[in-house]
Amino acid sequence: MTNLFKLFLRTRLHTKILLGLLVGIPVGLLLGPRAEYIRPIGDLFIRLIRMIVVPLVFASLFVGTASLGNIRKLGRIGVKTITYYLCTTAIAIMIGLALGNAVRPGSGLDEDTKAQLLASYQTEALEKIEIARQKPSVVETLIRIVPANPVESLAEANMLQIIFFALLMGIAVTLVPGNKGKPLIDFFDAVSEAMIQMVHIVMKLAPIGVLALIAAVVGKFGAEILFSLLKYSLVVIAGLAIHMLVVYSTAVRFLARRGPLEFFRGIRPAQLIAFSTSSSNATLPVTMECAEENLGVSEEVSSFVLPLGATINMDGTALYQGVAAIFIAQVYGLPLTFVDQLTIVLMATLASIGAAGVPGIGIITLAMVLETLGLPLEGIALILGVDRLLDMCRTAVNVTGDTSAALIVASTEGEPVLPSSEGGLKADER
Ligand code: ASP
């Protein structure tokens with residue numbers, strides 16, 4: 001027994017998290033809805049990592065920008081990042097649309113199942129539609145990037161506003177004459193270091209947190225619903241797998257000139273946490289840690305590219321929206337023209353920019369896409385039952401997209417990323 005315990009202690013972190021995930025499934029099946037009782041352990045874990053997000057992002061982005069001290073380089077990094085994010089998001093939606101058109105997941109759904117799904121999830125769907133209707137317009141979203149009160153932005157964890165303020169403050173501090181700005185940089189440097197240590201402490205709880213989260217999801221999930229939406233779910237999952245394995249691998253291989261396998265190995269803890277929490281925002285501290293320690297990305301690049309990605313880059317979500325829109329149109333027997341499908345590409349890209357990386361946001365932005373296309377909004381009731389499961393998968397893809405961007409931007413900036421295994425993969429060994 002003690003040997004087993006010692007072995008467990010020596011096991012790498014990501015293996016322990018994976019173990020937590022694998023054990024969580026039978027625990028959830030066994031406990032069924034009673035798995036809700038252990039959910040607070042998972043929620044506690046999510047709160048612990050979310051607690052680190054704001055101070056970590058602000059401090060490290062401020063220090064990163066201040067130490068970069070080069071506005072031109074900052075602009076270049078910004079352009080590369082945003083271009084990569086937009087291109088990969090568009091590719092993701094096109095994969096979703098292509099699969100949706102080829103497999104036609106909505107055509108096999110019989111009338112009884114349709115009526116049943118609509119009835120069971122109607123109330124929940126109406127709530128989501130209401131939230132979607134309250135979303136600000138694109139122009140408003142862009143204006144709101146500038147905070148009226150940065151303290152409010154920090155308190156509300158408004159990522160884009162925090163990024164904007166940290167960047168501007170980082171630039172401003174380098175313009176302060178003499179050495180006066182240095183104490184401020186040193187202070188936030190210490191804050192950022194302390195936050196990284198806090199990530200290490202919190203991650204010790206990750207295996208048990210993940211176990212509880214997965215058990216709660218599995219326990220609540222009815223297998224029948226998955227069965228009736230099997231074709232749709234499989235199309236989304238296949239699309240996500242293609243995007244992850246083909247698009248990111250190709251990008252890492254040709255744009256960063258690094259091995260995709262090492263890349264995937266380095267980001268495993270972040271993918272597992274993203275999968276279990278369904279939130280790119282909550283995963284941020286782990287994502288940043290993996291990018292910096294396992295991939296060797298500098299703090300300057302990771303603290304800009306990753307928080308920005310958690311908010312504006314959601315390839316998995318966009319892909320899912322492509323499939324979901326087609327699915328709903330097919331179930332209702334409404335044909336989507338080529339122009340409609342182009343609208344989906346545009347709308348889903350824009351929607352992913354304006355949405356924060358929190359659980360279930362994809363279904364709300366989907367309502368916006370459906371509205372633009374004139375598709376029946378209540379159609380989201382059809383897919384709500386499997387949304388949590390698909391959310392887990394698409395969040396893992398979202399986080400993978402963000403980290404691939406960090407690696408590519410860092411490598412094109414001449415950083416010695418993905419160091420050999422003697423130097424890197426520290427988080428793996430912890
Ligand atoms: N949960 C996803 C994320 O945090 C967003 C979504 O697709 O709902 O990235």
Q. So, Thr365 side chain and Gly362 main chain: donor-acceptor pair closer than 3.5 Å or not?
A. yes

From the list Asp391, Thr317, Asn313, side-chain hydrogen bond (donor to acceptor under 3.5 Å, both in side chains) with Asn398 holds only for Thr317

Closest non-hydrogen atoms of Leu382 and Leu229, given as atom of the first, atom of the second and distance, are O-CD1, 3.2 Å

Tell me if the CZ atom of Arg257 is crowded by more than 12 foreign heavy atoms within 6.0 Å.
no

For Val305, does its backbone N or O pair with a side-chain atom of Tyr85 as donor and acceptor, under 3.5 Å?
-> yes

*asked:* Looking only at side-chain N and O atoms, does Thr337 offer a donor or acceptor that is under 3.5 Å from a partner on Asp340?
replied: yes

dist Thr372:OG1 -> Met347:CE (nearest 0.5 Å) comes out at 3.5 Å

Does Thr403 form a side-chain contact (heavy atoms from CB on, under 4.5 Å) with Leu407? I'd like the steps, not just the answer.
CA-CA 6 Å; Thr403 36; Leu407 180 74; over 6 Å; no

Do Val386 and Tyr232 have side chains that get closer than 4.5 Å, going by heavy atoms? yes

Quick check against the 3.5 Å criterion: does Gln161 have a side-chain atom that pairs as donor or acceptor with the backbone of Arg144? yes

For Pro285 and Val53, the nearest pair of non-hydrogen atoms, with its separation, is CD-CG2, 3.6 Å

Rounded to the nearest 0.5 Å, the OG1 atom of Thr349 sits from the CD1 atom of Ile93 at a distance of 3.5 Å

* To do: Check for a donor-acceptor pair, side chain of Ser192 on one end and backbone N or O of Phe188 on the other, with a separation under 3.5 Å.
  => no

Practice prompt. Give a yes-or-no answer on whether the side chains of Tyr248 and Thr88 include a donor-acceptor pair shorter than 3.5 Å.
Written response: no

Tightest non-hydrogen contact, residues Ala215 and Ile38, listed as CB-CD1, 3.7 Å

Output for pair (Arg394 CZ, Leu389 CG), nearest 0.5 Å, gives 10.0 Å

Contacts satisfying side chain to side chain donor-acceptor pair (under 3.5 Å) that involve residues 164-182 (not counting sequence neighbours) are Lys182-Asp186

Min side-chain heavy-atom separation Cys290-Leu295 under 4.5 Å:
no

Notebook entry, point to check: Quick one: does Gln330's side chain have a donor or acceptor within less than 3.5 Å of a partner on Gly100's backbone?
Noted result: yes

Donor-acceptor under 3.5 Å (Ser298 side chain, Val301 main chain)
yes

Quick one, Ile82 with Leu308, criterion side-chain contact (heavy atoms from CB on, under 4.5 Å). Give me CA distance, side-chain angles, the key distance, then yes/no.
CA-CA 9 Å; Ile82 292 174; Leu308 191 68; 4.2 Å; yes

Any side-chain heavy atom of Leu167 within less than 4.5 Å of one from Leu61?
-> yes

Criterion side-chain contact (heavy atoms from CB on, under 4.5 Å) on Leu375 and Leu336, from CA distance to verdict: CA-CA 10 Å; Leu375 288 174; Leu336 285 178; 4.3 Å; yes

dist Leu346:CG -> Ile344:CD1 (nearest 0.5 Å) comes out at 11.0 Å

- Is there a side-chain contact between Val286 and Ile49, using heavy atoms and a 4.5 Å cut-off? yes

Nearest heavy-atom contact between Ala256 and Ile408 is CB-CG1, 3.8 Å

Walk me through it: do Ile326 and Gln341 pass the test side-chain contact (heavy atoms from CB on, under 4.5 Å)? CA-CA 9 Å; Ile326 291 214; Gln341 306 215 9; 4.0 Å; yes

In the structure I gave you, are the side-chain heavy atoms of Leu44 and Ile41 within less than 4.5 Å of one another anywhere? no

- [ ] Could you check whether the rings of Phe58 and Phe165 sit parallel, tilted or perpendicular, using 30° and 60° as the cut-offs?
- [x] parallel

| query | Leu384 versus Lys128: any side-chain heavy-atom pair under 4.5 Å? | reply | yes

Residues Gly239 and Leu319: closest non-hydrogen pair is O-CD1, 3.4 Å

Output for pair (Leu306 CG, Met159 CE), nearest 0.5 Å, gives 11.5 Å

Q. If only atom types and distance count, is the side chain of Ser278 paired as donor or acceptor with the main-chain N or O of Ala274 below 3.5 Å?
A. no

Closest non-hydrogen atoms of Pro307 and Ser302, given as atom of the first, atom of the second and distance, are CD-O, 3.4 Å

### Message
I'd like to know if the side chain of Asp189 reaches the main chain of Ile185, judged simply by a donor and an acceptor atom lying under 3.5 Å from each other, with no hydrogens or angles considered.
### Response
no

**Prompt:** Does Arg258 use its side chain to pair, donor to acceptor, with the backbone of Val417 at less than 3.5 Å?
**Reply:** yes

Original post:
Is there a donor-acceptor contact under 3.5 Å linking the side chains of His200 and Glu289?
Top reply: yes

Between the CD1 atom in Ile95 and the CG atom in Asp315, the distance rounded to the nearest 0.5 Å is 9.0 Å

Q.
Within a 6.0 Å radius of atom CZ on Arg50, are there more than 12 heavy atoms belonging to other residues, nucleotides or ligands?
A. no

So does Ser60 get a backbone contact from the side chain of Ser303, meaning a donor-acceptor N/O pair under 3.5 Å? yes

Result for side chain to side chain contact (heavy atoms under 4.5 Å, CB included) between Ile77 and one of Leu74, Val79, Thr81 points to Thr81

- [ ] Determine whether Tyr320 and Asp387 make a side-chain contact, defined as any pair of heavy atoms from C-beta on separated by less than 4.5 Å.
- [x] yes

So Phe304 and Val409, do their side chains get closer than 4.5 Å, heavy atoms only?
no

Residues passing the side-chain hydrogen bond (donor to acceptor under 3.5 Å, both in side chains) test with Glu300, sequence neighbours excluded, are none

